[in-house]
Amino acid sequence: MIELRDVAKRFGEQVVLDGVDFTVADGETVALLGPSGTGKSVLLKHIIGLIKPDRGSVIVDGLDVPRLRRNELRQLRYRIGYVFQNGALFDSMNVFENVRLGISDTDKFDDLAYSRDAVTRCIRLVNLAPETIEKYPAELSGGMRKRVGIARAIVGEPDYLLYDEPTSGLDPVNADIIDDLVKQLDKELGVTSVMVTHDVRGAFRVADRLALLSEGKIVMQGTQQEFLASDSPKVREFLERDFQNATLPEA
Ligand SMILES: Nc1ncnc2c1ncn2[C@@H]1O[C@H](COP(=O)(O)OP(=O)(O)OP(=O)(O)O)[C@@H](O)[C@H]1O
Ligand SMILES: [Mg+2]
């Protein structure tokens, strides 16, 4: 379980999070929505302890993340797969080496046969051809790089998966493929996950619940039906902007 309570974070004069309450139950997939620059990535980084809150608590799996010692934090991070917004692949390493970096157990990492098997299995899970493992990031399309980033996040068999905009910059067909993949992985691996996105349609397809971050607060957290039925102006504005060229599904 992931639980943020009254989390506040500012950078200099800029207040980014201003009392955020956010929870993800075990096995659940929550989509974190919000306009660009509202602090979605900052919120996600609190969960893995990359950023510490000025106020409030961040609890993951019963652990008080900002208060963990270095070693305890490392142990926790081994159990969390993080799909970075920009993919964060190393250009000088091929796909096999990039994905292998996600194997957190040093004995398993050093075992080349194990690594080969695990990387190949994850490459297959993310729907990439087996020969992709010999390629370098520069030889891949944007969508393929995103999938390699996901493979690296799952190869360590995490209990938690945090996706930072896994579909941004992709065309609708490839975005759907990634969304389906997130859903499939959550089902097959039974993980607890947060998917940051500003694509409402994708969020509706994938998530059990949604949360909308706006002006430093979670304006609403609930199911698709609850979002569609909401009369909060911020929720309406966000939904209608995304669905302006399509019909809003019925609540
Ligand atoms: N380490 C940092 N130091 C200073 N300011 C930061 C830092 N990280 C984020 N910010 C600021 O916090 C705000 C929120 O950033 P964040 O990256 O979380 O936005 P976002 O919601 O993820 O946006 P996007 O959808 O564009 O990715 C931005 O104004 C950003 O400049
Ligand atoms: Mg971001």
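For ligands, and for the atoms within them, numbers begin at 1 and follow the listed sequence. Model, not experiment: these values are computed from the prediction. Atoms considered below: every heavy atom in the structure, side chains included; atoms not considered: hydrogens, waters and symmetry mates.
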Atom CZ of F11 with >12 non-hydrogen neighbours under 6.0 angstrom: yes
4.0 Å protein heavy-atom contact status of atom 30 (C) of ligand 1, strictly under: no
Any side-chain donor near an acceptor of the partner, D61 and Y160, under 3.5 Å: yes
Side-chain donor/acceptor of [X] to backbone N/O of [Y], under 3.5 Å:
X: D26; Y: M1; result: yes
X: R100; Y: V155; result: no
X: K217; Y: D18; result: yes
X: E97; Y: N94; result: yes

E165 touching ligand 1 at heavy-atom level, < 4.0 angstrom: yes
Sub-4.0 Å heavy-atom approach of G37 to ligand 1: yes
When you measure from [atom] to every protein heavy atom, which one gives the shortest distance, and what is it?
atom: atom 24 (P) of ligand 1; result: S36 OG, 3.5 Å
atom: atom 9 (C) of ligand 1; result: V42 CG2, 3.5 Å
atom: atom 27 (O) of ligand 1; result: Q85 NE2, 2.9 Å
atom: atom 28 (C) of ligand 1; result: Q14 NE2, 3.9 Å
atom: atom 17 (O) of ligand 1; result: S41 CB, 3.6 Å
atom: atom 3 (N) of ligand 1; result: F11 CD2, 3.4 Å

Cluster check F22, I80: I/L/V/M/F/W/Y, side chain < 4.5 angstrom: yes
Distance in Å, K40 NZ paired with S214 OG, rounded so as to fall on 0.5 Å steps: 10.5 Å
Euclidean distance, I47 CD1 relative to I59 CD1, rounded to 0.5 Å: 12.0 Å
For the Mg ion (ligand 2), every protein N/O/S atom that sits closer than 2.8 Å, waters excluded: S41 OG, Q85 OE1
Min side-chain heavy-atom separation V148-L128 under 4.5 Å: yes
K183 side chain reached by R205 side chain, heavy atoms, under 4.5 Å: no
Proximity to ligand 1 by part of V16, non-hydrogen separation under 4.0 Å: side chain
Under 4.0 Å to a heavy atom of H198 - the qualifying atoms of ligand 1, by number: 25 (O)
Nitrogen or oxygen of I51 less than 3.5 angstrom from that of ligand 1: no
Ion pair check, R5 and E3, cut-off under 4.0 Å: yes
